[in-house]
**Student:** 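The structure follows.
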Amino acid sequence: MYTGGQPLVVNTLKFFSSLGVDLSGDMVGILNVFMLFTIVLAVVFLYLLLVNMKLPWHYSIIVANIIVFLSPQLDRFGGHYNLSYLFFLPLYLYLLKKFFDKPSYKLSILIGSVSFIALCVQAYFFAMFAFWLFFILVFGYVNNKDKFGSVLHNIFYLLIQLITPYLLFSVLTLSYSDYRTTYPWGFFYCRAFPESVFLPIGKPYGSFFNFSYVRWAGISYVGLTATISFFVLLFKYLKKKKKSLKKRLKFTGNDYLDAIFLGSMVALLVSFAYPFVWDLKWLLNYTGPFKQFRASGRFAWLFFYAMNVIAYFMIWKFYKQKRNYLSIVVLIAALSWGLYDSYLNVRGKEAGISNHITELEDVNNEHENNRWINNINTNEFQSILPLPFFHVGSEVYWIDASNEVIRNTFITSWKTGLPVSSTLLSRTSIPKTMKLLEYYFEPIEQKTILDDLPNNKDFLLIHHPDEPLNENEKRYIKYAIPIAQNENYEVYRLPVDSIKQISIDYQKDIINEFRELKVLPNTLSVSDTNKTFNHLGKDDRFPNLKLDEGFKFIAKRNNIIYEDVLFESMDSVNISFWMSDMDKDIIPRTDLKMGIKNKDEVWNQQFSSSIFKLVKYVDNNGRGLVEFSYKPQVPNEHIRIELKNSLTTSHEISINNILVRPKTQNVYYRTNSVIYKNNRIFTPF
C-alpha cells in the first residue's frame, strides 16, 4: 500500500481499464497532471474555508494562493508523490469548519469517507487528521454543547469520522502478508526543529542561518507573516489573565481556530520528537503503531496550515477593527511578504522535478543504449537481476547501490516491461526481504526462492562494470550469457538452471578441496600448518555443526561475545560467527563494535558496524553467518568484540562458532554427512 504506488490514481485507471478504456500509455502524464491539479484543488478548498470564515473573496483568493505555494508539501514533487497531494489538509480543514458550525451525522460520514481515502493514499494524512479532529470535538463539547450534544454524540462523531475508516481499512488489508518492521529508521533523523519551522533557512533574507542538524525532511517554514503572527499571538495570550479553563483555551477569539491551533501545536511538538529526545528515546519502543511514522518532521505541516490561516484571519480582523494607516501597512506588508515567501518557495523548483530521460523518450529504441532491446524477445525473460544487487526499504537489511545502477535498472524495467528482483521501496515485508536476499547471499545451499518462481524463463542480468561486486555476484557473471553492451552497462541472459548450478558447483569445489587435503572424518584440518586460529564454542566444542546451542545474550545489553589475543603475524584476520534470529525484525540492526587494548590497558574502538552489513548467509532457521576482516596494528593484539541492540525491549540472541583466523588460513572439518569450511556448513546435495 505505502510504496509510493499512488493507489488513488492507479486504481481509478484500473477501473476504467476494466470498462475497456486503456490509459496506461498516458500514465506518466496523468500522474504528473494530477499532482499539479492538487495545487488547484488545495487553493479552492482554502478559499472556501476563508470565505466561510467571513473573509472577503478577493482577500481569500490571494491568501489561499500564498499558503498553497508556500506549502512544504511542494518539496514532495521530487519524490514521495502521495505526500504531494496538497488538497487533503485544506479539504479536511474546510470540512471540519462546516462540521464545527453545524455538526451532523451526514457530514460525519463525508468526513469519514475522506479519512478512509486519505488512509489508503498515505497514513500520514490520516494521523494528521486525528490531531485536529480531537480538539474540534473537545472544543465543540465544551463551548457548544447545544450543537454538539452529549458525550455520547461526540463519541459517535469520533466513531464515524476516525475509528470506522481505520477499522474498515484494517479489515480490507487483513489478507496482506505484510510483516513490516516495528521500528522504522528516521524518527529522530527526520524530525523538525523550532529553527526549521520559524526561521527562513535557505532563503535570501535568511542566508546567515545555518544549522547542521536541520535536515531537509524536517523543514516546514511557515513564512515570516505566520512566524510574527505566532509570537504576537503567544505574547497576547501570556499577557491575558486567565481564570477559568475555558479562558485558558482562548487564543484567537474564534473557537474553531483555537481548536485547530491547539491540535497543530501538539502535532508541532511531536514533529520536534518531544518528549522522546529528552533522554527518553527508550519510551518510543512502547508507542505501538506510532513508531511507524518515521518522518516525525512531517507533522509540522499541520502547524503550517493552521498558523497561516490564523495569521491572515487575525491580520484582516486587525485591519477591520482599526482602519488606520498602521493596519493598512500591516495588511499590505503581510500580503506582500507572503507572496514573496511563496515565490521563494517555488523559485527554481521546476528544474528539480523536470526529469527528461533520453532513454525513456526514445520510444522506438533507436538510442545506442536502447538498441539491444529490439534484438531480444522480452517474453523469454521473467525478471531483471541488477548487479550490484540492491535492497532498500525493509529496515532490517539495507543493501545500497549507486544512483547510476538504480537508474539504469529502472529504465530497463520500463523499456522491457519486466519486473525487478531487487527493491527500492518503503516497508518491504521481512519474509519477502529474506527471500530476495537469497540472490545476494553466498550459495551455501540451494536458493529456495527459485522454487517460488512462476516459470522457468531466464533472468535478464544488468551488470555495471565500474561497480564493485561481491564474490557471489561475480559468479552470476561467470554463468551468464552475454547479450549486449553499451556505455552504461552490460546485458546478460542468466537461465534459472544456471543459478541452481552455481550452488552445485560451489559445493563441488569445496568437496574437491577436502579430497585434495585428504581431510578425515571428525578430524580438524587447516590449509597451512604453520598458522593457527582461534575458536570459541559452547563447552569448547569445535565446531557446532547443528548450530543448536550457543552463548545466550540479552540483545539490549552491552554484550562482550569475544575477548582474546590475536596472532604473532600482523596479517589481516577474518572474524566470523553465527547469530540467531537474523530473519527477525530489528535483530539484524544490532550494533557490533570491536576494540583493542593499548599499552596503557585502555580499550580503544577500532571497528563498528550494523550487523546486517556483515551477514554472508542466513539459513532456513534464521541463523546468520556474520563475517568481517580486520588488520592488526601490532603483534599479539588484544581484541574485544561487543554486541548491543538499542531498539529491542527484550530479546535473547544466541552466538555460535566464533572463529578468528588469518585471512590466508582455511579451516576444515567434516563428518560423514556434513562438511565445514571457514564457518560455512554444507550438507552436500
Side-chain angles (χ1 to χ4, degrees), residues 2-6 9 31-43 46 64-90 118 121-125 127-128 185-187 189-207 209-227 264 267-268 270-273 293-308 338-355 403 424 426:
Y2 301 129
T3 57
Q6 302 197 72
V9 180
L31 291 174
N32 284 338
V33 170
F34 176 74
M35 286 191 289
L36 290 168
F37 187 60
T38 65
I39 297 175
V40 180
L41 292 175
V43 171
L46 275 175
N65 277 278
I66 287 173
I67 296 173
V68 169
F69 284 99
L70 183 57
S71 172
Q73 285 184 259
L74 288 173
D75 286 335
R76 270 60 190 178
F77 274 65
H80 300 127
Y81 297 137
N82 292 351
L83 289 169
S84 71
Y85 294 1
L86 276 89
F87 68 89
F88 269 119
L89 293 171
V121 170
Q122 180 52 260
Y124 277 94
F125 290 130
M128 291 174 186
W185 172 87
F187 186 84
Y189 184 86
C190 299
R191 73 187 183 99
F193 293 84
E195 298 92 324
S196 66
V197 173
F198 297 112
L199 295 181
I201 299 172
K203 303 293 187 290
Y205 63 94
S207 57
F209 291 122
N210 185 20
F211 306 97
S212 59
Y213 50 84
V214 173
R215 297 174 180 88
W216 168 79
I219 294 179
S220 295
Y221 180 49
V222 296
L224 186 62
T225 300
T227 296
S264 66
L268 184 65
V270 170
S271 77
F272 297 158
F293 298 101
R294 77 165 91 217
S296 52
R298 292 173 187 165
F299 288 102
W301 295 356
L302 280 83
F303 183 78
F304 167 83
Y305 284 104
M307 194 59 238
N308 271 284
L339 288 167
Y340 178 59
D341 271 337
S342 297
Y343 163 72
L344 293 177
N345 193 47
V346 298
R347 182 183 60 173
K349 264 193 170 50
E350 62 273 16
I353 62 176
S354 180
N355 300 307
N403 290 336
L424 181 67
S426 56

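No experiment lies behind these values; they were computed from the predicted model shown.
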**Student:** Which pair of heavy atoms, one from Ala295 and one from Cys190, lies closest together, and at what distance?
**Tutor:** CA-CB, 3.8 Å
**Student:** Suppose we screen for side-chain hydrogen bond (donor to acceptor under 3.5 Å, both in side chains). Which residues come up paired with Tyr305, at least two apart in sequence or across chains?
**Tutor:**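 Listed in chain order: Ser71, Gln73.
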**Student:** Holding to side-chain contact (heavy atoms from CB on, under 4.5 Å), I want the full list of residues that pass it with Phe211, two or more places apart in sequence or in another chain.
**Tutor:** Glu195, Leu199, Ile201, Phe209, Tyr213, Val214
**Student:** Sequence neighbours excluded, which residues qualify as side-chain contact (heavy atoms from CB on, under 4.5 Å) partners of Leu41?
**Tutor:** Phe37, Phe45, Phe87
**Student:** Tell me, please, which residues at least two apart from Ala267 pass side-chain contact (heavy atoms from CB on, under 4.5 Å).
**Tutor:**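 Ala267 satisfies side-chain contact (heavy atoms from CB on, under 4.5 Å) with Phe131, Phe299, Leu302 only.
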**Student:** Which atoms form the tightest heavy-atom contact between Val222 and Thr227, and what is the distance?
**Tutor:**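 The pair with the smallest heavy-atom distance is CG2-OG1, 3.3 Å.
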**Student:** For the CD1 atom of Ile39 and the CG atom of Leu36, what is their distance to the nearest 0.5 Å?
**Tutor:**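 If we round to the nearest 0.5 Å, Ile39:CD1 and Leu36:CG are 5.5 Å apart.
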**Student:** Are side-chain heavy atoms of Leu74 and Val68 found at a separation under 4.5 Å?
**Tutor:**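 No. Closest side-chain heavy atoms not under 4.5 Å.
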**Student:** Looking at side-chain heavy atoms only, is the closest gap between Phe69 and Leu339 below 4.5 Å?
**Tutor:** no
**Student:** Who are the ring-ring contact (aromatic ring centres under 6.0 Å, His included) partners of Tyr221, not counting sequence neighbours?
**Tutor:** none
**Student:** Sequence neighbours excluded, which residues qualify as side-chain hydrogen bond (donor to acceptor under 3.5 Å, both in side chains) partners of Ser207?
**Tutor:**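 Not a single residue meets the side-chain hydrogen bond (donor to acceptor under 3.5 Å, both in side chains) criterion with Ser207.
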**Student:** Name all residues meeting the side-chain hydrogen bond (donor to acceptor under 3.5 Å, both in side chains) criterion together with Asn65; count only those two or more places apart in sequence or in a different chain, and write none if there are none.
**Tutor:**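 For Asn65 there are no side-chain hydrogen bond (donor to acceptor under 3.5 Å, both in side chains) partners, ignoring immediate neighbours.
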**Student:** I need the Leu89 CG to Ser264 OG distance, nearest 0.5 Å.
**Tutor:**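 The CG atom of Leu89 sits 11.5 Å away from the OG atom of Ser264.
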**Student:** Under a 4.5 Å cut-off applied to non-hydrogen side-chain atoms, are Arg298 and Met128 in contact?
**Tutor:**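 Arg298 reaches Met128 side chain to side chain.
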**Student:** Could you check if a side-chain atom of Tyr205 sits within less than 4.5 angstrom of a side-chain atom of Asp341, using non-hydrogen atoms only?
**Tutor:** yes
**Student:** Would you call the rings of Phe303 and Phe198 parallel, tilted or perpendicular, where under 30° means parallel and over 60° means perpendicular?
**Tutor:**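 The arrangement is perpendicular - the two ring planes meet at more than 60°.
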**Student:** Can you sort out the partners of Tyr340 under ring-ring contact (aromatic ring centres under 6.0 Å, His included), two or more places apart, ordered by chain and number?
**Tutor:** Trp337
**Student:** Please check: side-chain N/O of Asn82 versus main-chain N/O of Gln122, any donor-acceptor pairing under 3.5 Å?
**Tutor:** no
**Student:** Enter the distance from Thr225:OG1 to Asn308:CG here, rounded to the nearest 0.5 Å.
**Tutor:**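 With rounding to 0.5 Å, OG1 (Thr225) is 7.5 Å from CG (Asn308).
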**Student:** What residues, two or more places apart in sequence or in another chain, satisfy side-chain contact (heavy atoms from CB on, under 4.5 Å) together with Pro72?
**Tutor:**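 For Pro72 the side-chain contact (heavy atoms from CB on, under 4.5 Å) partners, ignoring immediate neighbours, are Ser220, Trp301, Phe304.
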**Student:** Side chains of Thr38 and Phe88: closer than 4.5 Å at any heavy-atom pair?
**Tutor:**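 Contact flag for Thr38/Phe88 side chains = no.
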**Student:** Has the side chain of Arg191 got a donor or acceptor atom that lies under 3.5 Å from a matching backbone atom of Ala273?
**Tutor:**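 Not confirmed, Arg191 side chain does not pair with Ala273 backbone.
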**Student:** Which pair of non-hydrogen atoms, one from Ala42 and one from Leu86, has the smallest distance, and what is that distance?
**Tutor:**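 Closest heavy-atom pair between Ala42 and Leu86: CB-O, 3.4 Å.
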**Student:** Checking Tyr189 now: which residues fulfil side-chain hydrogen bond (donor to acceptor under 3.5 Å, both in side chains) with it, not counting sequence neighbours?
**Tutor:** Arg215
**Student:** Walk me through it: do Ile219 and Phe193 pass the test side-chain contact (heavy atoms from CB on, under 4.5 Å)?
**Tutor:** CA-CA 8 Å; Ile219 294 179; Phe193 293 84; over 6 Å; no
**Student:** Can you list everything that forms a ring-ring contact (aromatic ring centres under 6.0 Å, His included) with Phe77? Sequence neighbours excluded, please.
**Tutor:**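 For Phe77 there are no ring-ring contact (aromatic ring centres under 6.0 Å, His included) partners, ignoring immediate neighbours.
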**Student:** Mind jotting down which residue pairs meet the side-chain hydrogen bond (donor to acceptor under 3.5 Å, both in side chains) criterion with at least one end in residues 343-353? Sequence neighbours excluded, please.
**Tutor:**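 Listed once each, the pairs are Asp75-Lys349.
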**Student:** Indicate, with yes or no, if the rings of Tyr85 and Phe34 have centres closer together than 6.0 Å.
**Tutor:** yes
**Student:** Say whether, by atom type as modelled, one donor and one acceptor occur between the side chain of Ser342 and the main chain of Gly338 under 3.5 angstrom.
**Tutor:** yes
